[in-house]
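To keep things clear, I will list the structure first and then write my remarks on it.
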Amino acid sequence: MAELRTERLLLRQWRDEDLEPFAELNADPETMRYFPAPPSRVESDTLAERARQHIEAEGWGLWAVEVAGGASFVGFVGLARPSFEEHFTPAVEVGWRLARARWGCGYATEAGRAAVAYGFEELGLAEIVSFTSRLNRPSWRVMERLGMSHDPADDFEHPGVPAGNPLRPHVLYRLSREAWSVSHSAV
Ligand SMILES: CC(C)(COP(=O)(O)OP(=O)(O)OC[C@H]1O[C@@H](n2cnc3c(N)ncnc32)[C@H](O)[C@@H]1OP(=O)(O)O)[C@@H](O)C(=O)NCCC(=O)NCCS
């Protein structure tokens with residue numbers, strides 16, 4: 001089972017103690033403003049449990065993020081397979097959700113870079129995607145910092161968001177292993 005270390009962070013398996021701060025994060029309306037509805041406590045726990053089971057079964061997934069020598073849980077970052085069908089699925093996406101107090105530190109980008117490297121180097125993926133509501137600028141800015149590219153022709157209406165909801169139009173970003181290798185070796 002993989003744990004990923006970066007300069008400041010540890011991406012690790014979930015622990016029971018993460019459930020409370022994860023529920024707090026999920027109950028914050030500002031953090032969840034680009035989601036159609038904030039998850040209930042039960043849904044928050046279920047999400048964490050699914051992430052834990054996925055990491056247990058596959059060795060990778062949406063890891064709990066800890067600040068090395070600091071906060072023991074600041075949110076999740078990692079890789080997942082989208083659970084819905086769209087023109088770009090099946091696929092592996094990179095995603096993130098951090099507690100509001102931890103925004104503006106570069107943590108999502110730092111952890112996202114480690115997750116992407118794991119996907120290409122260890123899983124041998126040919127491509128990693130990421131998507132978010134068109135309105136979620138902070139999230140698509142992370143995608144751009146990761147070197148992902150956006151073709152408006154890829155954008156889609158998220159099937160899990162009701163028609164007419166302004167959060168339904170989604171942007172899709174892609175990163176191929178070739179493009180990543182070039183930018184990675186240039187660093
Ligand atoms: C999306 C989300 C993870 C983005 O968080 P973020 O903190 O803006 O993104 P990063 O971690 O990449 O941090 C980048 C910021 O940290 C700043 N920063 C500070 N110190 C830094 C450092 N040492 N290294 C890099 N960046 C640093 C950058 O300048 C940048 O600030 P700016 O946006 O004002 O230019 C966060 O808004 C979030 O969790 N939102 C709620 C959940 C969500 O919407 N998830 C996506 C659903 S698809």
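Just so you know, ligand 1 is whichever comes first in the structure, and atom 1 is the first atom listed for that ligand.
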Query raised in the report: Can you say whether the rings of His87 and Phe156 are parallel (under 30°), tilted (30 to 60°) or perpendicular (over 60°)?
Result: perpendicular
Query - Tyr107: numbered ligand 1 atoms lying under 4.0 Å from its heavy atoms - result: 11 (O)
Report task. Determine if the distance from atom 28 (C) of ligand 1 to the closest protein heavy atom is below 4.0 Å. Result -> no
Query raised in the report: What atoms in ligand 1 come closer than 4.0 Å to a heavy atom of Phe131?
Result: 48 (S)
Query raised in the report: Given the protein's heavy atoms, is any one of them under 4.0 Å from atom 12 (O) of ligand 1?
Result: yes
Query raised in the report: Is it the side chain, the backbone, both or neither of Arg8 that has a heavy atom closer than 4.0 Å to ligand 1?
Result: side chain
Query - Option among Trp60, Trp14, Trp63 that satisfies the ring-ring contact (aromatic ring centres under 6.0 Å, His included) test with His54 - result: Trp60
Report task. Using the six-membered ring wherever Trp is involved, compare the ring planes of Trp180 and Phe120 and label them parallel, tilted or perpendicular (cut-offs 30° and 60°). Result -> tilted
**Report entry** atom 16 (O) of ligand 1 touched by protein (heavy atom, under 4.0 Å)
**Finding:** yes
Query raised in the report: Applying the ring-ring contact (aromatic ring centres under 6.0 Å, His included) test to Phe131, which of Tyr34, Phe88, Tyr173 qualifies?
Result: Phe88
Query raised in the report: For atom 30 (C) of ligand 1, which of His158, Glu7, Arg145 has the closest heavy atom?
Result: Arg145
**Report entry** Shortest reach to atom 44 (O) of ligand 1 by a heavy atom, considering only Leu146, Thr31, Val142, Asn136
**Finding:** Asn136
Query raised in the report: Any idea which protein heavy atom is nearest atom 38 (C) of ligand 1, and the distance to it?
Result: Trp103 NE1, 3.2 Å
Report summary line: Out of Gly75, Cys105, Ala99, Ser139, the nearest non-hydrogen contact to atom 21 (C) of ligand 1 is supplied by Cys105
Report task. With heavy atoms under 4.0 Å as the rule, classify the contact between Trp96 and ligand 1 as side chain, backbone, both or neither. Result -> both
Query raised in the report: Touching ligand 1 at all, Tyr34? Heavy atoms, strictly under 4.0 Å?
Result: no
**Report entry** Any N/O pair Arg97/ligand 1 closer than 3.5 Å
**Finding:** no
Report task. Begin with the C-alpha distance, continue with both residues' side-chain angles, and end with the deciding distance and a verdict on side-chain contact (heavy atoms from CB on, under 4.5 Å) for Leu19 and Arg52. Result -> CA-CA 11 Å; Leu19 295 181; Arg52 195 192 65 73; over 6 Å; no
Requested in this report: Run through Leu11, Leu9, Leu10, Val77 and flag the one making a side chain to side chain contact (heavy atoms under 4.5 Å, CB included) with Leu4.
Outcome: Leu11
Query raised in the report: Taking atom 26 (N) of ligand 1 as the point of reference, which of Gly104, Ala111, Gly106 owns the nearest heavy atom?
Result: Gly106
Query - Leu98 N/O to ligand 1 N/O under 3.5 Å - result: yes
Query raised in the report: Cation-pi between Arg97 and Phe35: NZ/CZ under 6.0 Å from ring centre and within 45° of the ring axis?
Result: yes
Query raised in the report: Would His150 and Asp155 count as a side chain to side chain donor-acceptor pair (under 3.5 Å) if you check the C-alpha gap in whole Å, the side-chain angles of each, and the deciding distance to 0.1 Å?
Result: CA-CA 9 Å; His150 175 227; Asp155 291 352; 2.9 Å; yes
Report task. Test ring-ring contact (aromatic ring centres under 6.0 Å, His included) on Tyr107 and Phe76 and set out the steps. Result -> CA-CA 10 Å; Tyr107 289 160; Phe76 70 71; over 10 Å; no
Query raised in the report: Is it the side chain, the backbone, both or neither of Phe35 that has a heavy atom closer than 4.0 Å to ligand 1?
Result: side chain
Query raised in the report: Under 3.5 Å between some N or O of ligand 1 and some N or O of Thr132?
Result: no
Query raised in the report: Which one holds for Arg141 and ligand 1: side chain close, backbone close, both close, or neither close, with close meaning a heavy atom under 4.0 Å?
Result: side chain
**Report entry** Aromatic ring proximity, centroids under 6.0 angstrom, His158 and Phe84
**Finding:** yes
Query raised in the report: Counting N and O atoms only, with roles assigned by atom type, does the side chain of Ser130 sit under 3.5 Å from a partner on the main chain of Val94, one being a donor and the other an acceptor?
Result: yes
